[in-house]
Amino acid sequence: MSHLVYIPQDIEKEGKRYLVEKGYKVKVGSDLSQKIIMEEIKDCDAVLTRSTAVINKEVITAAENLKVIAKYGVGLDNIDIEAATERGIYVTNTPEANANSVAEHVMALILSLSKNLSLADKELRSGNFAIRNQLFGMDLEGKTLGIIGLGRIGRILAKKASKGFDMKVIGYDPYVTACTNSELEIATDLEWVFRNSDVISLHLPLTKTTKGIIGCRELSWMKPSSYFVNASRGGVVKEADLVNALQAGRLLVLE
Ligand SMILES: NC(=O)c1ccc[n+]([C@@H]2O[C@H](COP(=O)([O-])OP(=O)(O)OC[C@H]3O[C@@H](n4cnc5c(N)ncnc54)[C@H](O)[C@@H]3O)[C@@H](O)[C@H]2O)c1
């Protein structure tokens with residue numbers, strides 16, 4: 001009997017073809033509401049989920065045949081691991097698959113911020129040819145990148161920023177005291193990292209411990225000229241504090 005894999009949010013055809021070639025049946029979801037997911041998962045043996053579909057306790061309870069919850073990505077914050085474990089359901093993820101892509105993406109964001117790319121492009125396209133004399137970019141060479149979370153993505157980013165852009169890289173991670181990245185200085189004081197960085201980049205998992213871990217206190221430690229990048233999860237930053245910092249002009253949005 002072939003097992004049924006539920007994919008609440010569609011994936012590339014190559015992935016679905018792979019499953020079919022291996023003998024699985026595939027069911028692609030029609031909607032990401034909890035009600036529909038609970039209905040559609042009922043007869044499935046496995047679920048292959050991205051970040052948006054929430055696989056919480058109610059969903060897991062509704063999935064009577066479920067044996068595996070496979071995350072098509074890294075962060076497991078949309079899956080109730082405890083509820084899965086109670087039922088003996090395996091939870092898997094793909095930790096190496098996109099780490100380099102995220103680190104490259106973050107370098108793109110840092111370059112875009114430091115060179116005002118997005119704003120300059122918008123202004124030029126609207127006819128403001130004088131924009132080249134109105135914006136001042138920042139060179140990354142010699143500047144300090146502060147990385148919060150020194151896991152797979154954080155460490156790849158450290159290498160790219162240091163070896164590719166001659167940045168000084170400092171980092172904070174309570175669970176990492178040493179690593180093989182010789183270019184990376186590991187600090188034990190989060191405040192020191194925030195105060196001494198020209199760019200702060202967050203690479204934290206969203207867990208009960210890290211939810212809202214960055215708030216007005218941490219944002220107030222930033223130099224007025226520094227940049228803030230979060231390509232991990234929005235929930236690690238207290239949204240209201242971020243809004244306050246933006247409204248108070250302590251942080252500016254560069255479009
Ligand atoms: N934007 C995207 O497309 C995208 C893609 C992949 C991953 N992510 C997110 O990025 C996160 C990090 O990915 P990763 O592969 O580097 O994960 P990882 O598990 O390798 O690294 C996370 C690091 O954060 C550290 N950490 C935990 N709590 C901390 C704290 N309080 N302060 C500082 N550090 C702390 C851990 O010790 C670990 O070293 C994922 O959990 C996911 O949410 C986003």
Side-chain angles (χ1 to χ4, degrees), residues 8-12 15 32 48-56 69-82 84 91-113 144-162 169-197 199-219 221-222 227-239 241-242:
Q9 192 184 2
D10 208 359
I11 61 167
E12 291 76 12
L32 292 177
L48 178 58
T49 180
R50 295 170 70 174
S51 298
T52 323
V54 178
I55 311 298
N56 58 19
I69 302 170
K71 176 65 188 277
Y72 191 91
V74 183
L76 295 167
D77 42 283
N78 60 323
I79 299 168
D80 187 334
I81 299 176
E82 267 173 41
V91 178
T92 69
N93 67 349
T94 58
E96 302 292 340
N98 58 6
N100 182 68
S101 306
V102 178
E104 277 188 18
H105 189 85
V106 170
M107 269 327 302
L109 293 175
I110 295 172
L111 282 165
S112 177
L113 288 170
T144 301
L145 168 64
I147 301 178
I148 315 300
L150 299 172
R152 283 170 292 260
I153 298 171
R155 276 179 278 162
I156 296 175
L157 176 66
K159 204 176 280 177
K160 291 184 190 304
S162 163
V169 186
I170 58 180
Y172 173 83
D173 187 321
Y175 308 103
V176 176
T177 48
C179 74
T180 50
N181 290 45
S182 56
E183 67 283 349
L184 173 60
E185 184 183 339
I186 301 177
T188 52
D189 183 357
L190 182 65
E191 179 173 353
W192 183 83
V193 176
F194 266 82
R195 288 199 185 280
N196 287 284
S197 297
V199 182
I200 288 283
S201 191
L202 306 185
H203 296 285
L204 302 166
L206 178 60
T207 63
K208 280 182 196 147
T209 323
T210 62
K211 189 165 190 271
I213 200 169
I214 305 298
C216 59
R217 185 182 62 148
E218 290 71 23
L219 296 173
W221 292 334
M222 289 174 62
Y227 295 113
F228 182 68
V229 175
N230 178 16
S232 57
R233 287 288 185 270
V236 300
V237 181
K238 283 194 196 92
E239 195 173 83
D241 289 4
L242 186 62

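One-based numbering, in listed order, for ligands and for the atoms of each. When a residue number appears, it is its place in the shown sequence, counting from 1.
Comparing Gly75, Ala231, Gly234 by heavy-atom distance to atom 44 (C) of ligand 1, the nearest is Ala231. Nearest-residue assignment for atom 41 (O) of ligand 1 (options Gly73, Pro205, Pro174, Ala99; heavy-atom criterion): Pro205. The nearest non-hydrogen atom to atom 12 (C) of ligand 1, considering only His105, Lys71, His203, Arg152, comes from His203.
Listed by atom number, the atoms of ligand 1 under 4.0 Å from Ser232 heavy atoms are 9 (C), 10 (O), 44 (C). Close contacts between ligand 1 and Tyr175 involve ligand atoms 27 (C), 28 (N), 37 (O) [criterion: under 4.0 Å to a heavy atom]. Within ligand 1, counting atoms from 1 as listed, the ones closer than 4.0 Å to a heavy atom of Ile213 are 31 (N). In summary, the atoms of ligand 1 found under 4.0 Å from a heavy atom of Leu150, numbered by their order in the structure, are 39 (O). For ligand 1, the atoms sitting less than 4.0 Å from at least one non-hydrogen atom of Val102 are 4 (C), 5 (C), 6 (C), numbered in the order shown with element in parentheses.
Each of Leu150, Asn100, Val106 was evaluated against Leu157; a single residue qualifies, Val106, per the side-chain contact (heavy atoms from CB on, under 4.5 Å) test.
Heavy atoms from other residues, nucleotides or ligands lying under 6.0 Å from NZ of Lys159 number 12 at most.
Here Val74 has side-chain heavy atoms under 4.0 Å from ligand 1, and that is the only part of it that gets that close. Proximity of Asp173 to ligand 1, defined as any heavy-atom pair under 4.0 Å, is shared by backbone and side chain alike. Residue contacts with ligand 1 for Leu190 are absent, since no atom lies close enough (heavy atoms, distance under 4.0 Å).
Leu206 does not count as a contact of ligand 1, since none of its heavy atoms falls under 4.0 Å from the ligand.
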- Message: Before you tell me yes or no, could you show the steps for Ser51 and Lys71 under side-chain contact (heavy atoms from CB on, under 4.5 Å), namely the whole-Å CA-CA distance, both residues' side-chain angles and the distance that decides it to 0.1 Å?
- Response: CA-CA 8 Å; Ser51 298; Lys71 176 65 188 277; 3.5 Å; yes
